[in-house]
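The structure appears right after this line, and notes come after that.
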2 protein chains.
Amino acid sequence: MVNLLQTRRLQRYRMALLRLKKMGLQKTFSHSLSEETGISAVLIRKDFSQLGIRGRRRGGYNIDRLLEQLKLIFGSEKEQNVILVGLGNIGSALVKYEGYRQGNMNLVAAFDIDPAKRTRRYQVPVYSLENLRDVTDTFDVSVAIMAVPEFSAQETASYLVENGIKGILNFAPVLLKVPDHVLVNNINVMVELERLMYHTGIKQKA
Amino acid sequence: MVNLLQTRRLQRYRMALLRLKKMGLQKTFSHSLSEETGISAVLIRKDFSQLGIRGRRRGGYNIDRLLEQLKLIFGSEKEQNVILVGLGNIGSALVKYEGYRQGNMNLVAAFDIDPAKRTRRYQVPVYSLENLRDVTDTFDVSVAIMAVPEFSAQETASYLVENGIKGILNFAPVLLKVPDHVLVNNINVMVELERLMYHTGIKQKA
DNA sequence: CATAATATGTGAATATATTCACAAAGCAAA
DNA sequence: TTTGCTTTGTGAATATATTCACATATTATG
Ligand SMILES: NC(=O)c1ccc[n+]([C@@H]2O[C@H](COP(=O)([O-])OP(=O)(O)OC[C@H]3O[C@@H](n4cnc5c(N)ncnc54)[C@H](O)[C@@H]3O)[C@@H](O)[C@H]2O)c1
Ligand SMILES: NC(=O)c1ccc[n+]([C@@H]2O[C@H](COP(=O)([O-])OP(=O)(O)OC[C@H]3O[C@@H](n4cnc5c(N)ncnc54)[C@H](O)[C@@H]3O)[C@@H](O)[C@H]2O)c1
């Protein structure tokens, strides 16, 4: 029902709405949202309309209601559990991250092959990968954040998939091979930087 | 010349090519690349063709040559300098990151308002934001990585733009308002996780 | 050297995404 | 309660992206 392009936009809407809400506003209009997000007002209305979200012909959209409806479409009702694999530089930052809660998510455990990492000094218990299935079963986890080195990324991903993981947020700069039913989202800092450089370069010429 | 959709694909091609190269291959075909990337073979050929990259009617594409040509399109010839603003959890991981070099980039300095962060214990010098213009001028920096808290993200972004930054890689979960000539790429862990959850959820139903 | 096999390259066709144009709904004000 | 203004909602038109279909180049082989 919701396509991939749309999901990105919906997330943008949500962020814009949160901002407007924080500014004390209670309702908004497709044009204001357009201003905030850079997405055209018609497209915003089409998106909402397609999702069954309806505004008032002159009063616009109620921000709280809109946020609720968007949350219904994404964020599931019940809290979702997530795990983290790889407690290095990035991994340990992610463990300390405080944003999970407000997205109705819960980081329940971390995993690392290095026994030295498996101490109690982190905010979550750290296990060996052997315990993966136990944890995913107990906490009904189907999504993992993966912050392991490039060279072990594919191997780790395959292992995660074998153990029931269906979604991977991958920080390693590697294209992972996974079965069709598994979704990978890559976060690749270098790729993003290069795109920035490319576009700032373009602008100079134009 | 290269649109935004394409840039994403080109990056995928590059990663796939690097992988094939590492496997010892020297040439490849649109169909193999399709296999690797999940992008259709015709589209790959169209992309290449549009970029002026030509293969041999039966011998496919030479991997090294292809990589070079892609590099010509993105990565500029000369090394590009980048700065980092915000040396907290994420920021200090990014300072330790070793991937910049291979993308022909150089992290030249970091900035933080907290004087306690401005020590020599990091891999790069850490300055107060007052020194921003000095650094950007000296090193000809137009792209910044921003890893500051949500509440100061907008303010920081505006300051960066005022001082000549044209591209921002933003880790704060906030939609930044910037002038048209500035490009922002957002890295938002929660958004990516939510998309994973959404799609893994969908699959269960289908 | 002819023939078959394999891949590229690309115009035309199709599919998808976005904008245009405008009717209908809701509110305000007279 | 009529009139005018504002904003949504949506079919039709347009624009953009992708695939189809196939001509064309290249190599291998008998
Ligand atoms: N550090 C950064 O800022 C940064 C930025 C962008 C991308 N990345 C990428 O993120 C990944 C992690 O980077 P990092 O700097 O945190 O690396 P790191 O070497 O500091 O950490 C990697 C961690 O993974 C663990 N590990 C290794 N193999 C494992 C396995 N098979 N299973 C479980 N754990 C395993 C190691 O013990 C270590 O704790 C790398 O692929 C890197 O390219 C890092
Ligand atoms: N930690 C994570 O894993 C994680 C994950 C996703 C997103 N984020 C986002 O990344 C950002 C940084 O997260 P963090 O966990 O590293 O936060 P943090 O609080 O650990 O670090 C923030 C750093 O920014 C500095 N800072 C604050 N205001 C500044 C300013 N105006 N100019 C320069 N420096 C300033 C602070 O002194 C601190 O060193 C936040 O917006 C957070 O939401 C973090």
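Every chain is numbered from 1 and lettered A, B, ... according to where its sequence line falls, protein lines coming before strand lines.
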Under the side chain to side chain contact (heavy atoms under 4.5 Å, CB included) test, residues paired with Asp47(A) that sit two or more places apart: Gln6(A), Arg9(A), Tyr13(A), Leu43(A)
Residue met sooner reading DNA chain C from 5', once Arg57(A) and Arg45(A) are mapped to nucleotides: Arg45(A)
Leu43(B) CG to dT16(D) P, in whole Å, measures 17 Å
Is there, by distance only and without an angle test, a donor paired with an acceptor across the side chain of Arg58(B) and the base of dA5(C) below 3.5 Å? yes
Any chance CD of Glu79(A) has more than 12 other-residue heavy atoms, nucleotides or ligands included, within less than 6.0 Å? yes
Arg195(B) and Glu192(B): CA distance, side-chain angles, deciding distance, salt bridge (Lys or Arg N to Asp or Glu O under 4.0 Å) verdict: CA-CA 5 Å; Arg195(B) 296 197 327 141; Glu192(B) 299 303 324; 3.6 Å; yes
State the CZ-CG distance between Phe74(A) and Asn104(A), to the nearest 0.5 angstrom. 14.5 Å
To the nearest Å, how far apart are Asn3(B) CG and dT16(D) C1'? 9 Å
Strand-adjacent residues in residues 11-41 of chain A, judged by heavy atoms under 4.0 Å from DNA chain D: Phe29(A), Ser30(A)
Just by distance, no angles: are the side chains of Ser158(A) and Gln154(A) close enough, under 3.5 Å, to form a donor-acceptor pair? yes
For Ser49(A) and dT10(D), is the shortest distance between a side-chain N/O and OP1 or OP2 below 4.0 Å? yes
Reckon Gly59(B) touches a base, only the sugar-phosphate, or nothing at all at heavy-atom distances under 4.0 Å? nothing
So, using side chain to side chain contact (heavy atoms under 4.5 Å, CB included) as the criterion, who are the partners of Lys46(A) when residues are at least two apart? none
Quick note, Tyr61(B) side chain, CB onward, closest among dG9(D), dA17(C), dT8(C) is dT8(C)
Measure CZ/Arg8(B) against P/dT18(D) and give the value in whole Å, please. 13 Å
Would you say dA25(C) has OP1 or OP2 under 4.0 Å from some side-chain N or O of Arg56(A)? no
Heavy-atom donor-acceptor pair, Lys46(A) side-chain to dT10(D) base, under 3.5 Å: no
To the nearest Å, how far apart are Ile44(A) CD1 and dT10(D) P? 16 Å
Using whole Å, what does the distance between atom P of nucleotide dT16(D) and atom CG of Asp47(B) come to? 17 Å
Rounded to whole Å, CD of Gln50(B) lies from C1' of dG11(C) at a distance of 14 Å
Between P on dG9(D) and CD1 on Ile53(A), what's the gap in Å once rounded to a whole number? 10 Å
Side chain to side chain donor-acceptor pair (under 3.5 Å), that's the test. Do Arg8(B) and Gln11(B) meet it? Break it down for me. CA-CA 5 Å; Arg8(B) 292 206 175 275; Gln11(B) 300 281 15; over 6 Å; no
